[in-house]
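Numbers for residues simply follow the sequence, beginning at 1. All values below come from the heavy atoms of this structure, side chains included, with hydrogens, waters and symmetry mates left out.
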Amino acid sequence: MTSPTREPIPPAAQPFNTIHANPSLTTQLTTQLNAPPSPHTHRALRKLQSAHNLGAAARISAQNSIMSQQVFRADIQDRVASPAPNNRPVNRSPQRNRANSDAATPPPATFPNNILISLNSKRTALTRTSRVADNMSLDRLIREGPPDGDIDAALESARLKVLDQGIRSDSDGMSRTRIYVWLIFLDAPILDTNEYLGLIHRGASPAYSKIRNDTFRTLTTDPLFRRRVSEASLIRLLNAIAWKLHDAKEERRPTSSRLSIAHTESASSSHSDLSQTDVSPFSRNRNRALTLTTEDSDATTSEPGTYVQGMNVLAAPFLYAARSEVEAFASFHTLLTKECPGYIRGAMDGVHRGLALVDKVLGIVDTKLSCHLKSKALSAEIYAFPSVLTLCACTPPLPEVLKHWDFLFAYGPHLNILCIVAQLIMMRNELLTTANPNKLLRSFPALRAEMIKRTTLAIIKMIPEDVYAEIVKHAL
């Protein structure tokens, strides 16, 4: 793929009404635009647009410096938490007024233009916000839809609200709005409940045994998850996802291969008829699925992925936040197939590319810490594999995971690479002073979504364009 361009790209239309699972919240979200391009076409270019319109001199100096944890925090305070100037320009593209209620208009947000442009690299250059949407609460914006039908501006306002205010939830992380915000940001298609039920009624998928080996140990130490989500629900969701991924792989199989498999099936069935005269249709379909899975073990990297260990943890927050399994299925399947298909394809090459980028980014933003970990033979492959694969869902507590995902889904799951580096920066003093940093990295400290987000905003502008391009594309 060619290097990203800095030339403006026309904004791509995105549907604002992505799900109708709860009509009371989505009745008026009826305007739809064209679906985004395939991840293998122009989608990466749209992600990369205006990712780093930063001063070259500032970027180079930042790369060559060894940043301490105190410097990061000071930079965050200067760039994120400082009050906004009174003489704010009329152009509202990078800024907006905070909206803690539907009536009042509190002081404007303080996120710098270059940070917002970097975060908006998932789509196109930073679009304008809607004045009407800015003064609406996020709940009301989701419930009533884009004011005056301006979808792009309403989406921008919604993203900024999540970045600045977050999604309102209780102490357990429960929110009536969160799942719909995720579905909108992920651009998930509308899913008929009968389609999900059809996948459930097909019975055990080829990956069923792997799923059963994983589900019973999913977030076993988290009482909130165990109280709200049953293992049976998780099994149904993962089994339906496995069938969906299996069907997608079978559809891409060449016709000659299908005919060969059909001929093999016919021959084997004639032999089996000699010893077993009564074979149910379900058993025949099951055997055929197993044959396809076995013979496709050397699938090319361009084909859809299948179930891999770790998807159970990645699915857990969706089931916890969703109000139905159908909503969880729609959002989870969209994440796997649109945002990070490389994580479940082949030998999980996308995950390994992400791990290499964790090492690379850490070397850019904190050379001292990077060299210290290398001297201890600690690469990201050793300590960060679960965090990359599960988008940090493996690190408790679950309510903080949900807040972390709010940020990732608003501006792109690829930012999780930077968020992992941010967690290392937050552990910097302990990692540099302990004699055994591997012991600390074996289990990351409790997730602090707000601090991780602010640290990520501080380091994102230090990343060169070519490295940022790799981050955006690593999971595709």
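In this structure, the side chains of Met427 and Leu440 come closer than 4.5 Å at one or more pairs of heavy atoms. Side-chain contact between Ile235 and Arg212 is present, with heavy atoms from C-beta onward closer than 4.5 Å. Taking 4.5 Å as the limit, every side-chain heavy atom of Leu238 sits out of range of all side-chain heavy atoms of Tyr208. Looking at heavy atoms from C-beta onward, Pro386 lies out of side-chain contact with Phe444 at the 4.5 angstrom threshold. Residues Arg202 and Trp243 are in side-chain contact: their nearest non-hydrogen atoms beyond the backbone lie under 4.5 Å apart. Pro413 places a side-chain heavy atom less than 4.5 Å from the side chain of Leu335. Here the side chains of Phe225 and Thr220 are not in contact, with every heavy-atom distance at 4.5 Å or above. Side-chain atoms of Ser169 and Arg178, non-hydrogen and from C-beta on, do get closer than 4.5 Å to each other.
Note: Leu457 CG to Ile452 CD1 = 12.0 Å, rounded to the nearest 0.5 Å. Here Ile425 contributes atom CD1 and Leu418 contributes atom CG; the two are 11.0 Å apart, rounded to the nearest 0.5 Å. From Met426, atom CE reaches atom CG of Leu424 across 10.5 Å, with rounding to the nearest 0.5 Å. In this structure, OH in Tyr383 is found 9.0 Å from CG in Leu355, a value given to the nearest 0.5 Å.
Ionic pairing of Glu231 and Arg226 is not present here: no N-O contact between side-chain nitrogen and carboxylate oxygen is shorter than 4.0 angstrom. The pair Glu325-Arg236 counts as a salt bridge, with a side-chain nitrogen and a carboxylate oxygen less than 4.0 angstrom apart. Under the 4.0 Å criterion applied to side-chain N and carboxylate O atoms, Lys244 and Glu195 are assigned as salt-bridge partners. For the pair Glu327 and Arg323, the salt-bridge criterion is not met [side-chain N within less than 4.0 Å of a carboxylate O]. With respect to Lys403 and Glu400, a salt bridge is recorded, a charged nitrogen being found less than 4.0 Å from a carboxylate O.
Here the side chain of Thr218 pairs a donor or acceptor atom with the backbone of Asp214 at under 3.5 angstrom. Under a 3.5 Å cut-off, the side chain of Asp222 and the backbone N or O of Leu224 do form a donor-acceptor pair. Under a 3.5 Å cut-off, the side chain of Asn213 and the backbone N or O of Ser209 do form a donor-acceptor pair. With Lys439 contributing its side chain and Thr434 its backbone, the two residues share no donor-acceptor pair below 3.5 Å. Side-chain N or O atoms of Lys374 include none that pairs as donor or acceptor with a backbone N or O of Ser379 at under 3.5 Å. With hydrogens and angles disregarded, a donor-acceptor distance shorter than 3.5 Å links the side chain of Ser331 to the backbone of Ala328. A side-chain donor-acceptor contact under 3.5 Å links Ser375 to the backbone of His372. In this structure, Asn312 contributes its side chain and Thr215 its backbone to no donor-acceptor pair below 3.5 Å. In terms of modelled atom types and a separation under 3.5 Å, the side chain of Lys161 and the main chain of Ala133 share a donor-acceptor contact. Side-chain atoms of Asn416 come within 3.5 Å of backbone N or O of Ser387 as a donor-acceptor pair.
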Next item on the list: Using the side chain to side chain contact (heavy atoms under 4.5 Å, CB included) rule, take Ser205 and Ile241 through it: C-alpha gap first, then chi angles, then the decisive distance, then the call.
Entry: CA-CA 9 Å; Ser205 69; Ile241 288 290; over 6 Å; no
Next item on the list: Please assess Gln423 against Leu447 for the test side chain to side chain contact (heavy atoms under 4.5 Å, CB included), listing each intermediate value before the final yes or no.
Entry: CA-CA 8 Å; Gln423 293 177 74; Leu447 207 65; 3.5 Å; yes
Item checked: Candidate pair Phe385 and His352, rule ring pair (Phe, Tyr, Trp, His ring centres under 6.0 Å), full reasoning -> CA-CA 8 Å; Phe385 190 96; His352 294 289; 5.8 Å; yes
Notebook entry, point to check: How far apart are the C-alpha atoms of Ile463 and Val361, what are their side-chain angles, what is the distance that settles it, and do they pass the side chain to side chain contact (heavy atoms under 4.5 Å, CB included) test?
Noted result: CA-CA 7 Å; Ile463 311 301; Val361 171; 3.7 Å; yes
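Shortest non-hydrogen contact noted between Val308 and Tyr343 is CG2-O, 4.2 Å. Of all heavy-atom pairs spanning Gly310 and Thr390, the tightest one is O-CG2, 3.9 Å.
Aromatic rings from Phe318 and Trp405 are positioned such that their centres are separated by under 6.0 Å.
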